[in-house]
Amino acid sequence: MSNENDMVTVTLRVHRFTPRAERENRRSSNPFARKSSPFGDSGARRRTRGKQWTQDYTLQVRPEDTLLDCLLTVKRTLDPTLAFRYSCGHGMCGSDAVAINGTPTLLCTSPVSAWVRQGGVDGEAAGDDPAGDSAADDANDGFRRTGDALFNLPVSHVPKPAANAEPGVIELSPLPGFPVQRDLIADIDPMLDQIRKLKPYLQAKGELKTTPDGKVNVFEYLQSPAELAKYEMLTNCIACGVCEGSCPVFAGGDAFIGPAALIAASRFVNDSRDGKALERMDQIDTADGVAACQSVRACGRQCPRGIDVGEEMWQIIAKVRER
Ligand code: SF4
Ligand code: FES
């Protein structure tokens with residue numbers, strides 16, 4: 001149990017957005033409105049118009065509280081109009097990805113102490129190493145393992161807060177690269193659409209096993225541990241969109257299907273049971289597929305499931321070129 005002395009003061013600076021009423025956004029009410037783009041329907045989404053502002057919420061929290069805990073406190077005690085999305089609260093569903101101090105990551109695996117500049121958290125509450133930048137963390141490949149107790153996975157790599165960051169202030173904005181629906185809720189449908197197009201399910205022919213008396217018993221999909229190891233890590237992807245929000249090329253998925261979709265494709269290309277590897281590789285061998293990747297490798301820095309997205313992308317690109 002923490003006592004009052006453990007509490008620290010932190011200000012959440014939240015980028016807010018309220019869309020205009022549907023009626024005002026609808027073009028069909030204007031008989032002179034253009035019905036379609038002269039460049040064809042690329043599937044690009046129009047930006048919703050509305051009111052934007054930033055709002056500060058100052059509250060007393062424990063340094064180990066997550067930013068999701070903080071937002072829930074704000075919602076319950078200060079401002080019920082604040083909108084954000086979450087579900088599991090434990091880094092499993094991927095629904096609460098936002099940008100914290102400009103870095104895409106999950107709210108529920110981000111403790112206050114890791115994101116606030118020291119000095120703003122009333123003394124030593126943030127510790128001597130608010131960014132998780134200690135020798136101990138260096139020994140952990142730069143990953144801050146706040147969620148290890150739960151998943152034994154590196155939860156997020158926390159960058160050092162900028163030296164000029166305002167002490168005690170944590171800035172929250174919606175996940176970059178996606179249209180904003182309201183406040184911290186981004187519309188991740190462009191990413192999910194791209195993943196769906198790549199048929200992210202096993203397309204395998206199982207071996208029919210029969211009982212000694214000739215009756216159909218079961219279909220078997222056998223795989224060795226070595227074959228499983230080739231794609232097992234990729235099954236950890238929770239489609240949170242953090243890699244897409246970190247990718248400077250993705251920006252809504254119009255020119256690039258994005259790292260999350262390529263991870264989904266790679267997961268099945270590397271699965272020895274799947275019979276469609278060649279078709280899958282054909283499908284991503286396009287101008288907006290592997291060819292659009294600029295190898296910036298920003299995509300892997302914050303993956304909350306510990307996937308080295310940049311390396312996986314590199315490998316699937318090499319595989320597509322070699323086939
Ligand atoms: S690869 Fe990692 S960052 Fe990208 S969508 Fe999957 S879990 Fe999220
Ligand atoms: S709420 Fe499910 S991953 Fe954060």
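First listed ligand is number 1; within each ligand, the first listed atom is number 1. The figures here come from the full heavy-atom set of this structure, side chains too, leaving out hydrogens, waters and symmetry mates.
A salt bridge is defined here as a Lys NZ or Arg NE, NH1 or NH2 lying under 4.0 Å from an Asp or Glu carboxylate O, and D56 with R13 meets this definition. Using a 4.0 Å cut-off between charged nitrogen and carboxylate oxygen, K199 and E279 do not count as a salt-bridge pair.
For R323, the CZ atom counts as densely surrounded, since its 6.0 Å shell holds more than 12 non-hydrogen atoms of other residues, nucleotides or ligands.
Between the CD1 atom in I316 and the CD atom in E311 there is a gap of 12.0 Å [rounded to 0.5 Å]. Taken to the nearest 0.5 Å, the CG atom of D285 stands 9.5 Å off from the CE atom of M281. The CG atom of D271 sits 10.5 Å away from atom NZ of K230, with the distance rounded to the nearest 0.5 Å.
Ring centroids of F250 and F178 are separated by less than 6.0 Å, placing the two rings close together.
Contact record, D96 with C108: OD2-N, 2.8 Å, taken as the closest heavy-atom pair.
Protein-derived N/O/S atoms nearer than 2.8 Å to atom 6 (Fe) of ligand 1 total 1, waters excluded.
Inspection of the environment of atom 4 (Fe) of ligand 2 yields the following protein N, O or S atoms under 2.8 Å: D96 OD1, D96 OD2, C108 SG.
Using a 3.5 Å distance cut-off with no hydrogens or angles, the side chains of T286 and D288 do pair a donor with an acceptor.
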